Protein chains: 2
Amino acid sequence: MPRPPKYSSEQILDAVIHVLRRSPVSALSIAMVADVIGAPSGSIYHRFPSRDSLVASAWLRSGEGFHSHLAASLAAPDPRHGALGAAAYTLDWARRRPGEAAFFLLNSRSEVTGSEWPTELARRATRLGNDITDTVRTFARRLPGVSVARARFALLDVPQAAVRRAVSTGSALDAEVQQLVEDTVTSLLAQAEPVTRMAS
Amino acid sequence: MPRPPKYSSEQILDAVIHVLRRSPVSALSIAMVADVIGAPSGSIYHRFPSRDSLVASAWLRSGEGFHSHLAASLAAPDPRHGALGAAAYTLDWARRRPGEAAFFLLNSRSEVTGSEWPTELARRATRLGNDITDTVRTFARRLPGVSVARARFALLDVPQAAVRRAVSTGSALDAEVQQLVEDTVTSLLAQAEPVTRMAS
DNA sequence: ACCGTTATAGAGACGGATCTCGCTTTGAGA
DNA sequence: TCTCAAAGCGAGATCCGTCTCTATAACGGT
C-alpha cells in the first residue's frame with residue numbers, strides 16, 4: 001500500500017561516497033549529495049535524521065565492508081601469508097574504491113562528525129572498533145612473539161600509510177608502493193622474539 | 001608612533017594550535033581562537049584576512065618548523081643513523097606538541113581549507129613540499145639502492161602512521177611504538193638491493 | 001473508485017560563523 | 001600637549017548550510 005521508494009538508503013550513501021571523492025568531509029553538504037542523485041534535500045532527510053547521521057552511516061558502511069574482507073584475507077592457513085594478503089587487500093580496496101579509502105582510512109571516528117554520534121550509530125562504531133581489535137588479536141595469537149600492537153601496526157597502520165600518501169598526492173598505488181608495504185609487513189612479522197623487554 | 005601591537009601573529013597562531021588540540025580543523029572558529037587570548041574577533045582579522053589564511057598560516061608554520069628539524073636530524077654522518085634520528089624526532093615532536101602533530105601530520109594541504117589557498121601562502125606551501133622532497137631525495141642518494149619513494153616511506157609515512165594511531169586513539173607514543181617504528185625504518189633501509197624485481 | 005500509508009517535493013525558517021566597518025585607544029615624537 | 005599612524009574593538013550585515021513543515025504523489029488493497 002505504501003508508495004515505493006525512489007531513493008534507497010544505499011543509493012544515498014553511494015552518493016555521499018561519490019561526493020567525498022572530490023571534497024573533504026567537512027565540505028560535504030546535503031545539497032551536494034542530493035544533487036548527485038537528482039533529489040531535493042528534503043528526500044535525504046526522509047532517510048537520515050541529520051547530516052551527522054548520514055555521514056556516520058556512510059563511514060560505518062565502508063568500515064564494516066572493509067573489515068569483513070580484511071578478516072577473510074587474514075584467515076589464510078599460513079598467518080604470514082594471510083598478513084600479506086590483508087595488506088594487499090587494503091591497497092586493492094583503495095584502488096577500487098578511492099572515495100571510500102579517502103574517507104574511511106583517512107578519517108578516524110572522531111574526525112567524521114563535529115559533535116557526538118547518534119546513539120545507535122555510536123554503538124555500531126564501537127562494535128566495529130572491537131571487531132577490528134579482535135581480528136588483530138586473534139591474528140597475533142597465531143604468531144608467537146608478535147604483540148597485538150605490532151600486529152596492528154603491520155596489518156593496519158602501514159598499509160594505510162601507503163594509501164594515505166597516494167590519496168593525498170593523487171598518485172597511484174603502484175607496484176613499488178605495494179612492494180614497500182609487503183617488505184615492511186614481512187619484516188615486522190619476521191622475528192619470533194621472546195617478548196623482548198627494553199629500557200626506556 | 002604607532003600603537004604597539006597587543007596580539008602578535010605568533011600569539012594568534014599559538015592560539016590556533018591550542019584550539020586544534022581539542023577540536024578538528026573543521027570545527028575551529030575565529031571566535032574560539034579569539035577566546036583563547038581574550039581578544040575580540042575583529043582583532044584576529046586585523047592580522048589575517050580570512051579564516052583560511054589563518055589556518056593555512058598555522059599549518060605552514062608547523063610544517064616549516066617540523067621540516068627544518070627533520071632535515072637537521074638527517075644530516076648525521078651515517079645515513080642510517082640519521083634516518084633513525086629523523087624517525088625518533090618525528091615521534092618526539094608529536095609528544096611535545098600534540099596539537100601541531102594532530103594538525104600538520106594528519107591533515108594534508110588540501111584538507112586544511114575548504115577552498116583554494118591565498119596565493120602567497122600557496123607559494124609557501126609549494127616550497128615546503130619541494131623542500132621536503134629535496135631533503136628526502138638528498139638522503140636517498142646517500143644510500144645506493146634506496147629509491148626516493150622508499151626513503152619517503154621510511155622517513156615520513158611510517159613514523160607518521162605511528163603518530164596518527166596515537167593521536168586518534170588518544171594513547172601514548174610509548175617505547176613499544178618507538179621500537180616498531182625503528183624496526184621498520186631499519187629494515188626498509190637495510191637492503192642495498194639492485195632494484196630487485198620479484199614475482200607477485 | 002477510494003482509502004490509508006509511505007514517499008517525494010521544495011520553499012523557507014533558523015542558527016551559526018565569517019567578515020565589515022566606523023569608532024576608539026594607545027603611544028612616540030614634535 | 002597635540003598629532004598622527006597603527007591597533008584594538010565589537011555590533012551586526014551577510015552568507016550558507018541544516019533542518020522543518022506542509023502539500024502532493026504513488027501504490028496495494030478493499
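First the proteins, then the strands, lettered A, B, ... as listed; each starts at 1. It should be emphasised that the depicted structure is a prediction, and the values quoted were computed from it without experimental measurement.
Between A/Phe66 and A/Trp93, the ring-plane angle classifies as tilted under the 30° and 60° cut-offs.
In this structure a side-chain-to-backbone donor-acceptor pair under 3.5 Å is missing from A/Ser23 to A/Leu20. Checking side-chain atoms of B/Arg150 against main-chain N and O of B/Leu188 turns up a donor-acceptor pair under 3.5 Å. Looking only at distances, a side-chain donor or acceptor of B/Gln11 sits under 3.5 Å from a matching main-chain atom of B/Ser8.
A salt bridge is absent between B/Arg80 and B/Glu182; no separation between the charged side-chain nitrogens and carboxylate oxygens falls under 4.0 Å. A salt bridge is absent between B/Arg127 and B/Asp131: the closest approach of a Lys/Arg side-chain nitrogen to an acidic carboxylate oxygen does not fall below 4.0 angstrom.
Taking atom CG on B/Asp52 and atom C1' on C/dA17, their separation rounds to 13 Å, with Å as the unit. Put simply, CZ on B/Phe48 is 13 Å from P on D/dA7, counting in whole angstrom units. Atom CZ of B/Arg51 and atom P of C/dT20 are 15 Å apart (whole Å).
Counting only residues at least two apart or on different chains, the side-chain hydrogen bond (donor to acceptor under 3.5 Å, both in side chains) pairs with a member in residues 56-65 of chain B are B/Glu10-B/Arg61, B/Asp14-B/Arg61, B/Ser62-B/Glu100, B/Glu64-B/Arg124.
Across all their heavy atoms, A/Pro5 and A/Arg47 have their closest contact at CB-NH2, 3.1 Å.
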Go along nucleotides 4-12 of chain C 5' to 3' and tag each nucleotide: B for a protein heavy atom under 4.0 Å from its base, S when only backbone or sugar atoms are that close, - otherwise. BBBBBSB--
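Shown for residues 13-32 of chain B: residues whose heavy atoms fall under 4.0 angstrom of DNA chain C, namely B/Leu28, B/Ser29, B/Ile30.
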